[in-house]
Trainee: 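Take a look at this one; I'll ask things after.
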Amino acid sequence: MASAPRTTSRTADDDWWRSAVVYQVYVRSFADANSDGVGDLQGIRQRLPYLRDLGVDALWLTPFYTSPQVDAGYDVADYRNVDPLFGDLTDFDEMITDAHALGLRIIVDMVPNHTSSAHPWFAAALAAGPGSPERERYLFAEGKGEQGELPPNDWESIFGGPAWTRVVDGQWYLHLFDPAQPDLNWRHPEVRAEFEDVLRFWLDRGVDGFRIDVAHGMIKAEGLPDVGFNSMTTGQRQSELLGKGRLPYFDQDEVHDIYRAWRPILDSYPGGRMAVAEAWAETPQRLARYIGPDELHQAFSFDFLDATWSADSFRKVIDTALAESTIVGAPTTWVLSNHDRQRHVTRYGDGEVGLRRARAAALLMFALPGCVYVYQGEELGLPEVLDLPDELRQDPAFRRTGESRDGCRVPIPWGGELPPYGFGPDGSELSWLPAPATWRSLSVAAQTAAPGSTLELYRTALRIRHEHPALAGLDAITWLETEPGVLAFRRTTGDAEVTCVVNISGADVTVRGYGRPLVASADLTERGDGHVLPVDAAAWFERR
Ligand code: NOJ
């Protein structure tokens with residue numbers, strides 16, 4: 001049964017997403033309620049109080065729909081059902097009802113660029129043969145070469161290799177990702193109608209929003225023109241242009257028509273239903289085109305994630321993102337990690353140094369105005385698991401490129417002495433990827449109430465972010481003059497003032513004149529009328 005909407009009229013609360021903290025639940029790795037070694041919806045349900053206490057406002061759930069799981073659920077065979085691996089629709093309804101009762105909103109992933117090759121539409125397309133209406137829903141084409149033995153163009157899969165696969169009757173079909181993920185033809189009215197209906201299906205069940213997968217990909221340039229180079233010809237992978245250049249299969253102007261059709265659907269539901277784009281565009285200006293009152297509410301700002309550990313790099317991406325957000329009238333979405341990228345503890349240097357920097361980066365991010373996305377496990381300071389045995393890696397990209405995203409997808413350690421550290425019910429020993437022995441001391445139980453733990457730092461910072469008038473709103477930041485390598489900015493609302501200082505200078509700095517410390521990512525020591533902020537640390541100070 002669909003859960004009842006919590007509000008019946010549109011209220012100021014409809015803007016909840018503007019400054020929300022959204023916690024990304026990578027479903028298969030979050031919590032396993034049925035002891036099969038894979039996380040599931042009931043596992044999430046059991047852990048909702050943990051998320052409420054952490055201080056997040058919403059959860060984004062990665063795909064849990066019926067799927068052969070070739071790309072961990074980003075290959076959907078039935079958009080209106082739950083994969084038995086994760087539960088069923090009743091589990092979903094129970095989970096969302098409980099989440100709403102705890103004041104947590106639910107965002108689900110929508111995967112419109114491609115289906116699974118196990119989707120009934122694709123099976124019908126293969127069976128019906130060339131020239132059939134069934135093939136029109138996908139991107140089938142004749143090959144080049146005398147016998148059509150060469151792919152129709154030079155496009156490359158993001159997961160490596162050609163983006164085309166030939167079927168037995170000789171035609172080729174497009175898959176920008178794995179061959180098990182055929183791209184849909186979004187110029188087909190049935191495709192559009194189907195997804196509008198799928199959106200309604202989940203909105204009727206009470207979801208508060210959607211994360212749109214490959215939101216820049218649905219429309220391909222007419223005539224499917226060559227890019228002009230690829231790893232086979234010049235050695236340069238086309239995917240290197242992601243977020244930096246134009247590709248004929250990404251960020252085509254017509255894609256915006258799709259979102260202009262979706263927005264009225266979202267707006268027709270009460271309670272502020274939103275959508276966030278996973279979109280890559282050549283410039284921040286082109287990315288901003290996905291956002292607005294007639295398109296999507298947000299687009300992830302991956303430039304923040306890509307910033308290197310330097311004051312200049314952070315300052316530049318923050319300024320650009322904030323300037324864009326002012327122009328489009330929507331807040332920035334800050335992200336440090338997700339299920340596709342190496343965890344930021346490791347990106348920033350790994351080990352103790354990486355963890356120090358990751359903690360400082362969290363305070364930097366939480367002090368910024370806008371919406372924040374936290375990837376599960378970052379509140380525990382989890383590093384990337386770099387030494388997973390190859391035979392356990394499941395990312396389909398691994399077989400094609402040697403690169404794998406499994407190391408950021410290892411199940412969450414909840415407690416206990418032995419792997420998988422409470423991922424399943426007591427006594428359950430299974431987990432689809434093994435947790436390293438070093439994670440015993442990083443578990444939720446080990447870090448709860450432990451002074452100085454990363455989990456307690458996140459809890460404290462999120463509580464202050466919600467409660468402090470200077471941080472809770474969307475008021476702009478003001479950069480303060482500092483010594484080189486130190487970032488300092490102020491947020492002011494009325495009489496309330498918070499200053500965030502991040503020390504990336506390589507040496508301890510003395511901070512004075514910003515008021516009393518509220519929270520710090522490393523111990524501060526008093527010196528004269530100020531405080532010593534150690535290297536690779538951040539702190540918030542307040543004055544009221
Ligand atoms: C982006 C998702 O985040 C990633 O995990 C997935 O492999 C691709 N889109 C394809 O759906």
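From a predicted model like this one, the values you see are computed outputs, not experimental measurements. As the structure lists them, so they are numbered: ligands from 1, and atoms in each ligand from 1.
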Trainee: Test of understanding: with ring-ring contact (aromatic ring centres under 6.0 Å, His included), list the residues that count as partners of Trp309, not counting sequence neighbours.
Mentor: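 Scan of Trp309 (ring-ring contact (aromatic ring centres under 6.0 Å, His included), adjacent residues dropped) gives Phe314, Tyr348.
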
Trainee: Is there any ring pair (Phe, Tyr, Trp, His ring centres under 6.0 Å) pair reaching into residues 372-399, and which pairs are they, with sequence neighbours excluded?
Mentor: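 Ring pair (Phe, Tyr, Trp, His ring centres under 6.0 Å) check on residues 372-399 returns Phe300-Tyr373.
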
Trainee: Under a 3.5 Å cutoff, is there a donor and acceptor pairing between the side chains of Tyr50 and Glu379?
Mentor: yes

Trainee: Show, in sequence, the C-alpha distance, side-chain angles and deciding distance for Trp432 and Asp32, and conclude whether the side chain to side chain donor-acceptor pair (under 3.5 Å) test is met.
Mentor: CA-CA 10 Å; Trp432 72 278; Asp32 170 21; over 6 Å; no

Trainee: List ligand 1's nitrogen or oxygen atoms that come under 3.5 Å of a protein nitrogen or oxygen, with the partner atom and distance.
Mentor:
residue: ligand 1; atom: 3 (O); partner: Arg211; partner atom: NH2; Å: 3.0
residue: ligand 1; atom: 3 (O); partner: His339; partner atom: NE2; Å: 2.8
residue: ligand 1; atom: 3 (O); partner: Asp340; partner atom: OD2; Å: 2.5
residue: ligand 1; atom: 5 (O); partner: His339; partner atom: NE2; Å: 3.0
residue: ligand 1; atom: 5 (O); partner: Asp340; partner atom: OD1; Å: 2.7
residue: ligand 1; atom: 5 (O); partner: Arg405; partner atom: NH1; Å: 3.3
residue: ligand 1; atom: 7 (O); partner: Asp71; partner atom: OD1; Å: 3.4
residue: ligand 1; atom: 7 (O); partner: Asp71; partner atom: OD2; Å: 2.6
residue: ligand 1; atom: 7 (O); partner: Arg405; partner atom: NH1; Å: 3.0
residue: ligand 1; atom: 9 (N); partner: Asp213; partner atom: OD1; Å: 2.8
residue: ligand 1; atom: 9 (N); partner: Asp213; partner atom: OD2; Å: 3.3
residue: ligand 1; atom: 11 (O); partner: His114; partner atom: NE2; Å: 3.0
residue: ligand 1; atom: 11 (O); partner: Asp213; partner atom: OD2; Å: 2.7

Trainee: Under the side-chain hydrogen bond (donor to acceptor under 3.5 Å, both in side chains) test, which residues partner Asp306, sequence neighbours left out?
Mentor: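 Only Arg341 meet the side-chain hydrogen bond (donor to acceptor under 3.5 Å, both in side chains) criterion with Asp306.
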
Trainee: Does a side-chain N-to-carboxylate-O contact under 4.0 Å join Asp253 and Arg289?
Mentor: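 Arg289 and Asp253: salt-bridged.
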
